[in-house]
Amino acid sequence: MTTLVHGSDTLTRDALTVLQPGFVGTTAPDWLLRRIGEGLSSVGLFGRNIVTPEQLTALTAQLRAERDDVLVAIDEEGGDVTRLEVKRGSSFPGNYALGSVDDVELTRAVARELGRRLAQCGVDLNWAPSADVNSNAENPVIGVRSFGPDPDLVARHTVAYVDGLQGVGVAACTKHFPGHGDTNVDSHDALPRIDVDLATLHARELVPFRAAVAAGTKAVMSAHILLSALDPHRPATLSPQILTGLLRQELGFEGLIVTDGMEMQAVSATYGIERGSVLAIAAGADAICVGGGLCDEDTVLRLRDALVNAVRTGELPEERLADAAARVRALAAWTQAHRARGAGSVPGAAVQEGTAPGADIGLVAARRALRVTRGERPYTPVTGTPYVASFTPVANFAVGDETPWGIAAELERLLPGTETGSYDESSADSALADAGERRVVAVVRDLHRHPWMIRALDALLAARPDTVVVEMGLNEAEPRGALHIATHGAARVCGRAAAEAGSGPGA
């Protein structure tokens with residue numbers, strides 16, 4: 001690749017400053033450290049980069065040994081979307097569970113504890129919370145990542161979450177502006193379109209973002225969605241009307257605007273990542289998130305050079321790039337100041353569940369989020385060695401398929417000998433055959449969205465009416481089973497709370 005300008009050039013440093021790339025590995029590769037030295041100001045972490053809290057702490061220390069003010073970002077929503085605990089499931093329920101409880105102090109406490117764990121591992125920018133109003137129950141990518149379908153509820157819990165994170169020095173990045181809730185398309189796969197009028201957008205989608213801006217969220221992440229009432233031509237991430245006109249000027253946001261992943265098909269399939277990144281910065285974005293899929297040095301160089309070239313050809317005003325870079329540096333200075341104030345703590349300490357005051361807040365919240373409904377028949381708790389039949393939908397990209405979900409592991413802890421099987425678009429016959437005479441616990445996720453799952457579950461219940469049903473997605477379908485347990489999310493702690501409820505005497 002041809003390098004357009006020397007690494008010490010101010011323009012090149014600004015172009016590197018606005019990038020938030022990812023990488024492969026549990027230690028920083030040489031190329032990444034070299035680019036940090038040349039001006040790269042942010043690094044994004046994903047599940048592939050994290051094994052243990054101690055390893056993560058060592059990784060962030062390695063990055064900051066190169067440059068102390070580097071921003072270390074992560075996509076850690078808790079609940080279904082976790083990177084800290086990608087291989088075991090989250091210690092915290094997600095937004096839908098918290099919204100179902102509707103206790104803003106609980107939400108604030110969960111966010112504070114999650115932020116504390118991030119901060120002690122050296123992470124200081126969290127691409128969370130989701131402030132999307134989940135007004136479309138068929139939404140394939142938001143769902144339990146939202147606090148719920150009511151704008152005011154979403155707003156008050158978004159504010160509490162932002163307060164909780166930022167109170168411990170972790171910058172919140174409220175997403176996905178101006179609202180990804182009313183879509184039936186995943187922007188990882190294609191460009192979603194929302195065709196509602198401005199009055200609806202202001203009364204619904206924008207309510208939580210107005211509240212988050214007023215509460216001082218340090219960052220906002222844009223959505224790759226087309227809102228025809230605001231801009232009929234370009235997705236929000238590339239729209240000056242939305243990023244500058246609406247977010248900056250109308251809502252008065254002065255912090256960092258971060259794009260959603262630029263390699264997502266909603267942008268990359270039409271514009272490409274280089275062109276898309278130039279348009280995003282020109283539209284008012286300050287930081288380019290890339291690295292969920294494209295995570296190598298070549299990607300960083302391509303985007304750097306595209307931005308530099310766009311300035312030199314006059315397509316991107318140099319002042320706009322400089323302003324974006326200045327906003328990145330301002331946020332880095334805020335997080336650096338918080339780290340300095342907390343320097344007396346021991347890095348990596350008290351990050352495991354149960355090792356510090358408040359560390360069990362996630363389990364407390366998961367238990368409170370349960371909704372248990374008895375069927376018409378007399379119910380007896382699950383005992384002995386039950387069989388867990390998990391009906392498994394395809395995971396969306398944001399959640400991923402690395403993170404375990406369900407209740408089998410937690411039920412096994414309570415009832416040793418518990419066995420499990422996973423079933424997709426097949427009949428209930430195989431689940432019944434595998435279960436034999438054992439009591440069945442059927443686990444579903446977003447039952448209302450999957451006709452095959454409804455058919456399989458109904459057939460299972462017809463044959464075994466004493467089956468316990470655990471819904472770990474949106475609780476939209478009518479309760480089924482001898483006992484129906486809605487967890488409002490598929491985090492590990494939600495599975496633990498459900499296992500307790502199904503096997504305990506108070507069920």
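- By the 4.5 Å heavy-atom criterion applied to side chains, Leu106 and Ile361 are counted as neighbours.
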Exercise for the section: Could you check Leu40 against Leu19 for side-chain contact (heavy atoms from CB on, under 4.5 Å), going step by step and ending with a plain yes or no? Expected result: CA-CA 7 Å; Leu40 185 68; Leu19 303 181; 3.9 Å; yes

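- Between the side chains of His176 and Asp132, at least one donor N or O sits under 3.5 Å from an acceptor N or O.
- Remark: side-chain polar atoms of Glu113 are not paired, donor with acceptor, to backbone N or O of Gly362 under 3.5 angstrom.
- Between the side chains of Asn134 and Ser146, no donor-acceptor pair is found at a separation under 3.5 Å.
- A salt bridge does not link Glu254 with Lys218: none of the charged nitrogens is closer than 4.0 Å to a carboxylate oxygen.
- Put simply, the side chain of Ser100 gets close to the backbone of Ala97: a donor and an acceptor are under 3.5 Å apart.
- A 4.5 Å side-chain heavy-atom check between Val154 and Asp152 finds every atom pair outside the cut-off.
- Side-chain contact check for Leu415 versus Ser503: some heavy-atom pair is nearer than 4.5 Å.
- His157 and Asp102 share a donor-acceptor pair across their side chains, judged by distance under 3.5 Å alone.
- Annotation: the span from His484 atom NE2 to Asn475 atom CG amounts to 5.5 Å, rounded to 0.5 Å.
- A distance-only check finds no donor-acceptor pair linking the side chain of Glu66 to the backbone of Ile36 [under 3.5 Å].
- Using a cut-off of 4.0 Å between Lys/Arg side-chain N and Asp/Glu carboxylate O, Asp286 and Arg248 are scored as salt-bridged.
- Asp80 places a side-chain N or O within donor-acceptor distance of the main-chain N or O of Ala490, the cut-off being under 3.5 Å.
- Looking only at side-chain heavy atoms (C-beta outward), Ser42 and Leu125 stay at 4.5 Å or farther from each other.
- A donor-acceptor pair is defined here as one N or O able to donate and one able to accept, closer than 3.5 Å; no such pair exists between the side chain of Glu471 and the backbone of Gly489.
- Remark: the Asp68 side chain and the Gln336 side chain contain an N/O donor-acceptor pair separated by less than 3.5 Å.
- Looking at Lys175, Arg48, Arg145 one by one, the single match for salt bridge (charged side-chain N to carboxylate O under 4.0 Å, His left out) with Asp75 turns out to be Lys175.
- Between Asp195 and Ser228, the side chains place a donor N or O and an acceptor N or O closer than 3.5 Å (distance only, hydrogens not considered).
- A salt bridge is defined here as a Lys NZ or Arg NE, NH1 or NH2 lying under 4.0 Å from an Asp or Glu carboxylate O, and Glu85 with Arg492 meets this definition.
- Nearest approach of Ala137 to Leu474, heavy atoms of both residues: O-CD1, 3.8 Å.
- Between the CD1 atom of Ile225 and the OG1 atom of Thr237 there is a distance of 8.5 Å, given to the nearest 0.5 Å.
- Looking only at side-chain heavy atoms (C-beta outward), Thr158 and Thr174 come within less than 4.5 Å of each other.
- Between Leu303 and Ser277, the closest heavy-atom pair is CD2-OG, 3.5 Å.
- Interatomic distance, Thr373 OG1 to Arg480 CZ, rounded to the nearest 0.5 Å: 12.5 Å.
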Practice task
Just do the side-chain contact (heavy atoms from CB on, under 4.5 Å) check on Tyr161 and Leu114 with the steps written out, would you?
Solution key: CA-CA 10 Å; Tyr161 209 102; Leu114 177 57; 3.2 Å; yes

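- Looking at Phe391 and Leu447, their side chains never come closer than 4.5 Å, going by heavy atoms from C-beta outward.
- In this structure, the side chains of His224 and Gln265 stay at 4.5 Å or more apart for every pair of heavy atoms.
- Judged purely by atom type and a 3.5 angstrom limit, Asp446 has no side-chain atom pairing as donor or acceptor with the backbone of Arg449.
- Side-chain polar atoms of Arg67 and Ser41 form a donor-acceptor pair below 3.5 angstrom.
- A donor-acceptor distance shorter than 3.5 angstrom exists from the side chain of Thr335 to the backbone of Ala332, with no hydrogens or angles considered.
- From Gln166, atom CD reaches atom CG of Asn126 across 10.5 Å, with rounding to the nearest 0.5 Å.
- At least one donor-acceptor pair closer than 3.5 Å links the side chain of Thr17 to the backbone N or O of Gly39.
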Practice task
Go through the steps to decide whether Val144 and His488 satisfy the test side-chain contact (heavy atoms from CB on, under 4.5 Å), and finish with yes or no.
Solution key: CA-CA 7 Å; Val144 298; His488 301 93; over 6 Å; no

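- Minimum interatomic distance between Thr392 and Ser422 (heavy atoms only, all atoms of both residues): OG1-OG, 2.8 Å.
- Between Val162 and Ala172, the shortest heavy-atom contact is CG2-CB, 4.0 Å.
- Classification of Arg64 and Asp124 as a salt-bridged pair holds, one side-chain N sitting under 4.0 Å from a carboxylate O.
- Looking at Arg320, its side chain does come within 3.5 Å of a backbone N or O of Ala285 through a donor-acceptor pair.
- Looking at Asp323 and Arg327, a side-chain N of the basic residue comes within less than 4.0 Å of a carboxylate O on the acidic one, giving a salt bridge.
- Closest of all the heavy-atom pairs between Thr259 and Ala280 is CG2-CB, 3.9 Å.
- For Pro208 against Val133, the heavy-atom pair with the smallest separation is CG-CG2, 3.7 Å.
- Panel note: side chain Thr57, backbone Pro53; a donor-acceptor pair is recorded below 3.5 Å.
- For the atom pair Leu483 CG and Tyr379 OH, the distance stands at 4.5 Å (nearest 0.5 Å).
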Problem - Arg204/Asp150 under salt bridge (Lys or Arg N to Asp or Glu O under 4.0 Å): CA gap, chis, key distance, verdict - result: CA-CA 8 Å; Arg204 189 179 64 186; Asp150 177 71; over 6 Å; no

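- Ionic pairing of Asp163 and Arg112 is not present here: no N-O contact between side-chain nitrogen and carboxylate oxygen is shorter than 4.0 angstrom.
- Side-chain N/O atoms of Glu76 and Thr82 include a donor and acceptor closer than 3.5 Å.
- Using a 4.0 Å cut-off between charged nitrogen and carboxylate oxygen, Arg329 and Asp14 count as a salt-bridge pair.
- A tilted orientation is assigned to the rings of Phe46 and Trp127, their planes being inclined by 30° to 60°.
- Looking only at side-chain heavy atoms (C-beta outward), Cys121 and Thr60 stay at 4.5 Å or farther from each other.
- The aromatic rings of Trp334 and His338 sit tilted, their planes meeting at an angle between 30° and 60°.
- Rounding to the nearest 0.5 Å places CG of Leu226 at 5.5 Å from CG of Leu191.
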Handout entry: Residues Ile288, Gln20; criterion side-chain contact (heavy atoms from CB on, under 4.5 Å); working and verdict
Key = CA-CA 6 Å; Ile288 301 296; Gln20 293 189 347; over 6 Å; no

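- Taking a cutoff of 4.0 Å between a charged side-chain nitrogen and a carboxylate oxygen, Glu250 and Arg210 qualify as a salt bridge.
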